[in-house]
Amino acid sequence: MRVERIKAATMREALDKIKLKLGDDAVILNTRTTKEGIEVIAARDQEQQKTGNSWLDEVIQKDQELRSKLQPKPQTKPRKSSPTLGEIESYSRAGSFDINSLVKESEEKPAPEVKSVKEPEKVKVEPKVDDAFIKELEKQRIQQIEEATQTAKEFSQLLKEELKTTHEQRKIWIEHEKQLDSLKKQLVDLKESILRQELSELKKRADELKKQKQEQNSAPQTIQNDESLKIFYKNINKRLIDRGVDKATAEEIVATVEKKCTDNKWNFDSSLEIQELKTLIIEELKKNIKVYNPKNEGAQIISLIGPEKSGKTLTSMKIALKTALFENKKVALILVSDKQEKSIQHLNQLSLATKLPIAIISGVDDLKNALKIHSDKDQVVIDFAVSDIEVLKTYLKEIKKSQVYLTLSMVMAVDEFKSISKQYAKTDFNAIILTHLDKIKKIGTVIGISNLMQKPLSYLGNGSIIPDDVDYANESKLSHMILKG
């Protein structure tokens, strides 16, 4: 399969480039928007290299076979039984005999007497022709002409349908682009309306705060400020817990922030102090998020382990394709399975990554041989579909300089996390991969999972699109996501 990565300003331009490079049978694997426009990953089967259309190759082949049948065979001329005059003259010139001497001898000899004999009348004999043979020959010729006419009609019909389909597809793409432009305009209008609504709400809130300040009683100003600040910090603590941060971590973060704000004597009566408060909260959140970036470590072998339905296979494909396409490295993908049923299921998913070298093995020796074969690769991603922990440990012992990542799904319950932590602690894994982040609302739970496992985060999966929906874990990005909710 030939895979191309096309960049263009619009989808129409990208489709034209794909047709020029790969032909009409090209299949789009992935599309995404970039700053420059659109990026499309397309592929075409190697069997379509001649013309790009299998039906056109078949029609051309049939046409050639029909032409070879209809072409008449060359007829060989029968050799004459007696030599011609030219042959005799050439033979005479060669010195075999002299025609002139023969003529003189015939003149010198007296002519013998010949009795007159009446010549018999010549009877014209016409050659007999087999009428049945002629009819059969004409019938075959008519049949061949009809077949050629029918083939030409079918070819013309197929060509018309193909042109019609291409024209309709172009119309559909033009309509889709128009709809996309209208949706973009609607999105801009919606953003503007939301911003206006937020501004109006902020103005109302500011007016209410002014009124509350004016209506304050004659109690000491310092006591009122202290009470309002306590309520303010309690609200921060409640918001962090609502967004998934465990209670102990939230209280620790708020206590540290409150101490720093008190030391700086902030009353939060200005936007600058509020912005500084947000920065403090983000910094404290970052301290509680442990991250391990395999890119910085330059790991050559990455091993993914974990329970079933945790997203190992999809994540391994994302990591391998992302490294191959966007980092321009040589990557190989290996599946280790202890059951044939699992191998077949994983093979269906691995078929999406046909551009990469793939090996499916079920033994320690096979794994050693596969690693030797792919020793020239920049990165090897191994997906372990092995449920027995002891068997898994024997595999991991044979892999040198491997980064082992435990893959966990965010949709699992807290009790499941605890049991999995105890079960896979024997493998001594290096970091955690969290998948299905797009299916949860409280992103702050990642801190609790990392603390429970006592391991850092390496990759985060947030969807099913290959290879876009996976990224390195980043404490700054996660902190902003938790703060925004």
Side-chain angles (χ1 to χ4, degrees), residues 1-32 37-80 126-181 347-348 351-356:
M1 175 173 284
R2 179 181 172 188
V3 179
E4 292 287 343
R5 183 179 176 189
I6 306 298
K7 292 183 179 180
T10 62
M11 180 58 75
R12 187 186 302 170
E13 184 179 349
L15 287 174
D16 293 337
K17 289 183 178 181
I18 290 169
K19 286 184 179 181
L20 286 174
K21 286 189 175 183
L22 302 178
D24 294 336
D25 285 348
V27 179
I28 295 176
L29 299 178
N30 184 27
T31 60
R32 68 169 189 167
I38 294 175
E39 181 178 320
V40 180
I41 298 174
R44 185 183 67 186
D45 195 356
Q46 291 293 344
E47 294 180 358
Q48 304 297 330
Q49 290 291 336
K50 292 184 178 179
T51 61
N53 291 317
S54 60
W55 64 267
L56 185 57
D57 290 336
E58 187 178 352
V59 170
I60 291 172
Q61 186 178 358
K62 286 183 179 180
D63 182 65
Q64 291 177 353
E65 292 176 357
L66 184 61
R67 287 177 183 273
S68 63
K69 289 180 181 180
L70 293 177
Q71 188 174 2
K73 296 182 180 178
Q75 296 180 357
T76 56
K77 294 182 179 181
R79 188 170 181 84
K80 296 179 180 180
E126 296 181 356
K128 294 183 180 180
V129 179
D130 193 352
D131 293 339
F133 175 76
I134 293 173
K135 288 180 181 180
E136 183 64 25
L137 183 61
E138 290 178 353
K139 184 178 179 181
Q140 289 181 1
R141 288 182 179 177
I142 292 170
Q143 186 176 0
Q144 290 176 353
I145 293 170
E146 288 178 353
E147 289 178 356
T149 306
Q150 183 64 26
T151 305
K153 286 182 180 179
E154 291 176 358
F155 176 78
S156 176
Q157 185 65 26
L158 288 171
L159 187 60
K160 287 180 181 179
E161 291 177 358
E162 182 68 18
L163 292 173
K164 185 179 178 182
T165 305
T166 306
H167 185 63
E168 289 177 354
Q169 287 178 351
R170 287 182 178 175
K171 282 185 177 180
I172 292 170
W173 279 112
I174 291 169
E175 291 177 359
H176 285 177
E177 286 185 353
K178 289 180 180 178
Q179 292 177 2
L180 185 61
D181 292 336
L347 185 61
N348 293 331
S351 62
L352 298 173
T354 51
K355 187 180 178 182
L356 300 177

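Source: prediction; values computed, not measured.
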Asks: Between CD of Glu154 and CD of Glu147, what distance do you get to the nearest 0.5 Å?
Replies: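 These two atoms lie 10.5 Å from each other.
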
Asks: Within a radius of less than 6.0 Å around CZ of Arg170, do more than 12 heavy atoms belonging to other residues, nucleotides or ligands occur?
Replies: no

Asks: Where do Ala26 and Ile18 come nearest, in terms of heavy atoms and distance?
Replies: CB-CG2, 3.5 Å

Asks: How would you list, by chain and number, every residue that makes a salt bridge (Lys or Arg N to Asp or Glu O under 4.0 Å) with Glu13, sequence neighbours excluded?
Replies: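 By the salt bridge (Lys or Arg N to Asp or Glu O under 4.0 Å) rule, Glu13 matches Lys17.
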
Asks: Nearest 0.5 angstrom please: Thr149 OG1 to Glu146 CD, how far?
Replies: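 Rounded to the nearest 0.5 Å, the OG1-CD separation comes out at 7.5 Å.
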
Asks: Using the salt bridge (Lys or Arg N to Asp or Glu O under 4.0 Å) criterion, which residues pair with Arg12? Sequence neighbours excluded.
Replies: Glu177

Asks: Side chain of Ser156, backbone of Ala152: donor and acceptor closer than 3.5 Å?
Replies: no

Asks: Identify the heavy atoms of Ile6 and Ala14 that sit nearest to each other, and give their distance.
Replies: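 Taking Ile6 first and Ala14 second, the nearest heavy atoms are CG2-O, 4.1 Å.
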
Asks: Are Leu15 and Val40 side-chain neighbours, meaning at least one heavy-atom pair lies under 4.5 Å?
Replies: no

Asks: Rounded to the nearest 0.5 Å, how far does CH2 of Trp173 lie from CG of Asp16?
Replies: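 It is 11.5 Å, given to the nearest 0.5 Å.
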
Asks: What are the two closest heavy atoms between Arg44 and Lys21, and how far apart are they?
Replies: NH1-O, 4.2 Å

Asks: Can you name the closest pair of heavy atoms from Met11 and Ile38 and give their distance?
Replies: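 Looking at all heavy atoms of both residues, the closest pair is N-CD1, 3.4 Å.
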
Asks: Does some side-chain heavy atom of Ile174 sit less than 4.5 Å from a side-chain heavy atom of Lys178?
Replies: yes

Asks: Nearest 0.5 Å, what's the CD-OG1 distance between Glu161 and Thr166?
Replies: 11.5 Å

